[in-house]
Structures are given as C-alpha cells and as structure tokens.
Asks: 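Take a look at this one; I'll ask things after.
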Amino acid sequence: MRSFQMIFLLLFVLFYAIINFAALKNLIQSFSRKWKKQITWIFCIYSLFLIGTFVFLYIYPYNPRDAHNYTVYLYFNAGLFTDFVIKLILAFSFLLYFPFRKKAAAQTILMAGIIIGIGTGLTMIYGTWLGKRNLKITNVELKYDRLPPSFDNYKIVQISDLHLGSFLHSTGLLEKTKNKIKEINPDLLLFTGDLVNNFGKETVGWKTILNQINTGYPSYSILGNHDYGDYTDWNSKNDKENNFDEILEAHREMGFHLLRNEHIFIRLKRDTIYLAGVENWGKPPFPQLANLNKALKGIPQNAFKILMTHDPAHWEKEIKGKRDIDLTLSGHTHGLQWGIKTAGIPFSLAYLIEKYWGGLYQSNNNYLYVNTGLGTVGIPWRIDMNPEITVFTLKRRE
C-alpha cells in the first residue's frame, strides 16, 4: 500500500511539473518580453518551494498518516490545491492559444485564462476563510401515514461530521451551532458520525460546548469511518484500542448516547417510535461493521423507525427496497465541500463518487437524508457547500 501511495505521489509531482511549464508559458506570452526573466525566476522559485514542501510533508521525511499537526497540512493542502487549479486553468488556456498564436484574437485567450484563474483562486480563498463558517439551516418536512399521532410535528435536528481536529481550536462555528439549535429547540438531536479525524485527543477542549449543545433534549450519536483510527499508523494494537476507547468516552462526556448496532424506543403519551444506530458501513476500503439485524431486532414490524448510519452507501446497498425504515440519516460525503447551483439545483462532483451525496432522497415512503456536515477534512474550505444543520418536522398524513 505504501509503495502504491509513493507512486501516486510521484506521478502527481510529475503532472504538476508539466502543468507548471504550460502555465509559465502562458504568463510569458501574456506580458511584456522585457519581464520574461523576472517572471521566470519568481515563478520557478515559488513553484519549487511548493514542490519541495509537498515532498517534505508527503514523501520524505514525513508521512501524513502520522500527522498530528492538522494546521500545517490543512492550510498547505488548501494553498497547493488553489495553486494547482489556477495553474491548470493557465495551462489549458495556453494549449487553446497555441494553435491560434498567429491570429489577432490569440492574446485574448491567454488573458481570459488569467482572469478565470484569478477568479477561481479568490473563490477558493473565500471558501477557506469564510465559506466554512457560513452555517446553513435546512428545513425538511416529512409526511407519513403510520407516524403515531403523538409525534405529529415532532422536531428532529441532525448534525454530522464534526472532525473536531479540523476546527483548529476555533469555536466560532460551534458557538453558532449551539445558538441555532437552542433557537430551534428540537425534541431530539442526532449526530451521524465522524467526531474526529483520527485521534481521541482531538476532543480535548470541546466537551463543554458540545455538552451545551446537547442540553435540553435527548441526544444520540453513531460512529463514522474516521472514528476508528484507521487513517494513521499505530505503534501497537493496544495504542489504537486506547485511542478508540477515548473517542467512545468522549461521546458520553459530551452528552451523546452512542448507539452501536442497537436501538432505543422513544415514547410520547401512549405512542412509540424507534431509533436505531449502526456502526460504520462503507464501500471498501471503509469498514463494514454495521449489523442491521442486531440493531433492529425486537422492533415491531409496522413500527415507525429512524435509522442512523454514517455512510449513505449503506442505504443504497443494504436498506433501499430491502428494509422498511421510514427515515435514514447519513453524513460522510461533505458534499465534497465544493458545489455549484445550476438553476437553483445544487450539484457536487461528489456525485461521481457517491450517488446519494447530499440532501433528501426517497424510495416509496422511505426517505434518506444526507447531511453535508459541519467540519472539514483534507482541505479546510467549503465553497457553496455550507456547514449544515438539518431540521426535520415529522407530520402525520391524515
């Protein structure tokens, strides 16, 4: 696996070098020839610095799987990817320019690439500094024939994918989250996994505010793929187990009731609904630890059921059309933290990886909702894919 990663990283460096060459050609052709030497020197020194830092952090002597300093990696990732996309646009415009270089309009192609590249770069910078802080409240009303009468207008809040290490000790977003949830005053709060990126120590300093978020209503949680510590190299099996135990304990100390392939019942007056939560189930290489049979055992067949499962792939493969579960709640995708709205319809490249990447999906009278999360992973930005609180209002269809 390590050799595969090395080959992939080296191929990236090679491709990045090719992109740099074409982007530099664009800049040289776009500006006065007398600046050619200065542009070349500045561009090459800057690009070599980025490549050198990439090699230092990802190839030798460091390995990102051993990384604990999320600040360095997150912001370097943001800077490198922004640089890469801008240069890719410049390189592409140079390739378009080349066949028309002797025509009058050729220079316009180069300048268009520069303008589009700068605009895209500024958008990425906005997503890094502001987009990830712009909290979105999504209201969803769902109507059911078999919802018990006492649960008509029952209000559920879902949050997901905190990735506490990615907050870099900034409390602003979680303070907003706390205040919004208090305003909503739900009957039930559900957290659908990925409390951390890797390590139990990421929960240090967050227990007070999450306890405040969880105060005043029942709060339940499940585990996500990042909560098992599978994204780092451990010195021993015992170290990994201790880390996992620390994460489990953090759920309890934060006020969550963690559901691990089990269910609870919620009673109002004489009526009952059931809430089940399973461990992570995802497409390989993600672990498949969910046990639906165990989680649903003992629930009456015609009872109203809500299921929390972190990865929406689980709904597609094991639940849709096979299990009569009224509402399934997932997270995991983050909507790739980058999306667009075409004619008011949201779209994300996450669709290329996961068909059910964000929002509400329906199969007969069973629903799946994929929350796009609060935190970030990999790159600390959100571009038109805001951190999300989802508010469900359950309605009884008469």
Side-chain angles (χ1 to χ4, degrees), residues 138-160 184-193 217-224 256-282 288-332 354-356 358-371 389-398:
T138 304
N139 292 287
V140 179
E141 185 178 288
L142 299 174
K143 294 182 179 180
Y144 294 97
D145 294 324
R146 69 177 179 187
L147 182 71
S150 300
F151 288 88
D152 192 28
N153 289 314
Y154 193 75
K155 195 174 293 184
I156 301 170
V157 160
Q158 179 196 9
I159 58 175
S160 193
I184 295 164
N185 190 27
D187 298 295
L188 182 66
L189 175 65
L190 303 177
F191 170 62
T192 46
Y217 22 75
S219 300
Y220 294 88
S221 64
I222 57 172
L223 298 170
F256 290 116
H257 180 161
L258 181 63
L259 297 177
R260 301 180 64 191
N261 294 327
E262 57 191 306
H263 73 264
I264 56 98
F265 66 86
I266 302 169
R267 190 179 298 278
L268 282 180
K269 299 179 181 177
R270 296 183 177 181
D271 294 325
T272 304
I273 64 173
Y274 292 82
L275 171 68
V278 294
E279 300 211 33
N280 190 65
W281 189 105
Q288 297 184 342
L289 304 173
N291 188 331
L292 276 172
N293 290 331
K294 180 180 177 183
L296 301 176
K297 185 178 180 180
I299 299 179
Q301 183 176 356
N302 293 322
F304 187 90
K305 296 180 282 293
I306 300 171
L307 173 69
M308 293 192 292
T309 180
H310 178 68
D311 192 326
H314 192 206
W315 188 76
E316 181 181 13
K317 297 294 185 180
E318 301 289 328
I319 299 167
K320 179 183 175 184
K322 300 174 183 177
R323 303 275 186 166
D324 189 15
I325 297 172
D326 299 273
L327 176 61
T328 300
L329 302 179
S330 296
H332 181 61
E354 176 59 63
K355 180 179 179 181
Y356 304 102
L360 186 66
Y361 304 90
Q362 183 177 4
S363 175
N364 297 320
N365 203 36
N366 301 144
Y367 293 92
L368 165 71
Y369 192 89
V370 183
N371 181 289
I389 295 173
T390 313
V391 185
F392 300 93
T393 302
L394 304 185
K395 294 280 191 177
R396 179 176 170 83
R397 185 184 288 117
E398 299 296 339

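We number each residue from 1, following the sequence as shown. Because the structure is predicted, anything quoted here is derived from the model rather than measured.
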Asks: Return the minimal non-hydrogen interatomic distance between A290 and N261, and the atom names on each side.
Replies: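 Closest heavy-atom pair between A290 and N261: CA-OD1, 3.5 Å.
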
Asks: Could you go through V278 and L292, starting from their C-alpha distance and side-chain angles, then the distance that decides it, and tell me whether this counts as side-chain contact (heavy atoms from CB on, under 4.5 Å)?
Replies: CA-CA 7 Å; V278 294; L292 276 172; 4.2 Å; yes

Asks: For A276 and A295, work out which heavy atoms get closest and say how close.
Replies: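 Answer, listing the atom of A276 first, then A295: CB-O, 4.1 Å.
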
Asks: What pairs meet the side chain to side chain donor-acceptor pair (under 3.5 Å) rule with one or both residues in residues 269-280, with sequence neighbours excluded?
Replies: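 Qualifying pairs, neighbours excluded: S150-D271, Y228-E279, R260-E279, R267-T272.
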
Asks: Measure the shortest side-chain to side-chain distance between L259 and M308 over non-hydrogen atoms and say whether it is less than 4.5 angstrom.
Replies: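 Result yes, sub-4.5 Å side-chain heavy-atom pair found.
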
Asks: Determine whether I266 and L188 make a side-chain contact, defined as any pair of heavy atoms from C-beta on separated by less than 4.5 Å.
Replies: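 Touching, per the 4.5 Å side-chain cut-off.
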
Asks: Under a 4.5 Å cut-off applied to non-hydrogen side-chain atoms, are I299 and H263 in contact?
Replies: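 Side chain of I299 against side chain of H263, heavy atoms only: contact under 4.5 Å found.
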
Asks: Please walk me through it: do N366 and I325 pass side-chain contact (heavy atoms from CB on, under 4.5 Å)?
Replies: CA-CA 6 Å; N366 301 144; I325 297 172; 5.6 Å; no

Asks: Taking the six-membered ring for Trp, are W281 and H314 parallel (under 30°), tilted (30 to 60°) or perpendicular (over 60°)?
Replies: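 Rings of W281 and H314: parallel, as their planes differ by under 30°.
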
Asks: Taking K322 for its side chain and W315 for its backbone only, find out whether a donor-acceptor pair lies under 3.5 Å.
Replies: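 The answer is no, because no donor-acceptor pair under 3.5 Å joins these two groups.
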
Asks: Quick check: closest heavy atoms across A313 and E354, and the distance to 0.1 Å?
Replies: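 Closest approach of A313 to E354, heavy atoms only: CB-OE1, 3.5 Å.
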
Asks: Less than 4.5 Å apart, any side-chain heavy atom of L142 and any of L360?
Replies: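 The answer is yes, as the side chains (C-beta and beyond) meet within the 4.5 Å cut-off.
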
Asks: Does any non-hydrogen side-chain atom of T393 lie less than 4.5 Å from one of V140?
Replies: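 No. Closest side-chain heavy atoms not under 4.5 Å.
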
Asks: What is the minimum heavy-atom distance between S160 and G331, and which atoms define it?
Replies: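 Taking S160 first and G331 second, the nearest heavy atoms are OG-CA, 3.5 Å.
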
Asks: Determine whether the aromatic ring centres of residues F151 and F304 are separated by less than 6.0 angstrom.
Replies: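 No, the ring of F304 stays outside the 6.0 Å limit from the ring of F151, centre to centre.
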
Asks: Return the minimal non-hydrogen interatomic distance between Y361 and K355, and the atom names on each side.
Replies: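 Closest heavy-atom pair between Y361 and K355: OH-O, 3.9 Å.
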
Asks: Under the side-chain contact (heavy atoms from CB on, under 4.5 Å) test against Y356, which residue among D311, L368, T328 passes?
Replies: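 Looking at D311, L368, T328, the match for Y356 under the side-chain contact (heavy atoms from CB on, under 4.5 Å) is L368.
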
Asks: Could you walk me through whether I156 and D187 pass side-chain contact (heavy atoms from CB on, under 4.5 Å), step by step?
Replies: CA-CA 6 Å; I156 301 170; D187 298 295; over 6 Å; no

Asks: Heavy atoms only: give me the nearest D152-R396 pair and the separation to one decimal.
Replies: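 Closest approach of D152 to R396: OD1-N, 2.8 Å.
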
Asks: List the steps, then state whether side-chain contact (heavy atoms from CB on, under 4.5 Å) holds for L329 with F392.
Replies: CA-CA 11 Å; L329 302 179; F392 300 93; 3.5 Å; yes

Asks: Less than 4.5 Å apart, side chain to side chain, heavy atoms only: is that true for N365 and Y144?
Replies: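 Yes - at least one pair of side-chain heavy atoms lies under 4.5 Å apart.
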
Asks: Would you give the length of the straight line joining atom CG of N371 to atom OG of S330, rounded to the nearest 0.5 angstrom?
Replies: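 Here the rounded value is 10.0 Å.
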
Asks: May I ask you to decide if D324's main-chain N or O and N364's side chain share a donor-acceptor pair within less than 3.5 Å?
Replies: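 It does not hold such a pair.
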
Asks: How far does CG of L223 sit from CG of L289, to the nearest 0.5 angstrom?
Replies: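 So the gap between those two atoms works out to 9.0 Å.
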
Asks: Would the distance check show the side chain of E262 and the main-chain N or O of I264 forming a donor-acceptor pair, the cut-off being under 3.5 Å?
Replies: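 Between the backbone of I264 and the side chain of E262 there is no qualifying donor-acceptor contact (under 3.5 Å).
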
Asks: So that I can tick it off, tell me whether D326 and R146 are bridged by a salt bridge, with the cut-off set at under 4.0 angstrom between side-chain N and carboxylate O.
Replies: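 Judged by the 4.0 Å cut-off on N to carboxylate O distance, R146 and D326 do form a salt bridge.
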
Asks: Could you measure the distance from the CD1 atom of I184 to the CD1 atom of I389? Nearest 0.5 Å is fine.
Replies: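 Rounded to the nearest 0.5 Å, the CD1-CD1 separation comes out at 5.5 Å.
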
Asks: Any chance you could measure L296, atom CG, to Q301, atom CD, to the nearest 0.5 Å?
Replies: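 Spacing of CG (L296) from CD (Q301) equals 12.0 Å.
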
Asks: How about F256 and Y220: are their ring centroids closer than 6.0 Å?
Replies: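 Between F256 and Y220, the centre distance exceeds or equals 6.0 Å.
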
Asks: Out of curiosity, L190 CG to H257 NE2, how far, rounded to the nearest 0.5 Å?
Replies: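 L190 CG to H257 NE2: 12.0 Å, rounded to 0.5 Å.
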
Asks: Does this structure show an ion pair linking R397 with D145, if we count only N-O contacts that are shorter than 4.0 Å?
Replies: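 Salt bridge flag = yes for D145 with R397.
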
Asks: Would you check if there is a donor-acceptor pair between the side chains of K395 and N153 at a distance under 3.5 Å?
Replies: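 Present: a donor and an acceptor within the cut-off.
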
Asks: Please indicate whether K143 has more than 12 foreign heavy atoms, meaning atoms of other residues, nucleotides or ligands, lying under 6.0 Å from its NZ.
Replies: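 No, NZ of K143 has 12 or fewer neighbouring heavy atoms, counting only those of other groups under 6.0 Å.
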
Asks: Let me confirm one number: the CG-OH distance from L327 to Y367, rounded to the nearest 0.5 Å.
Replies: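 That separation rounds to 9.5 Å.
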
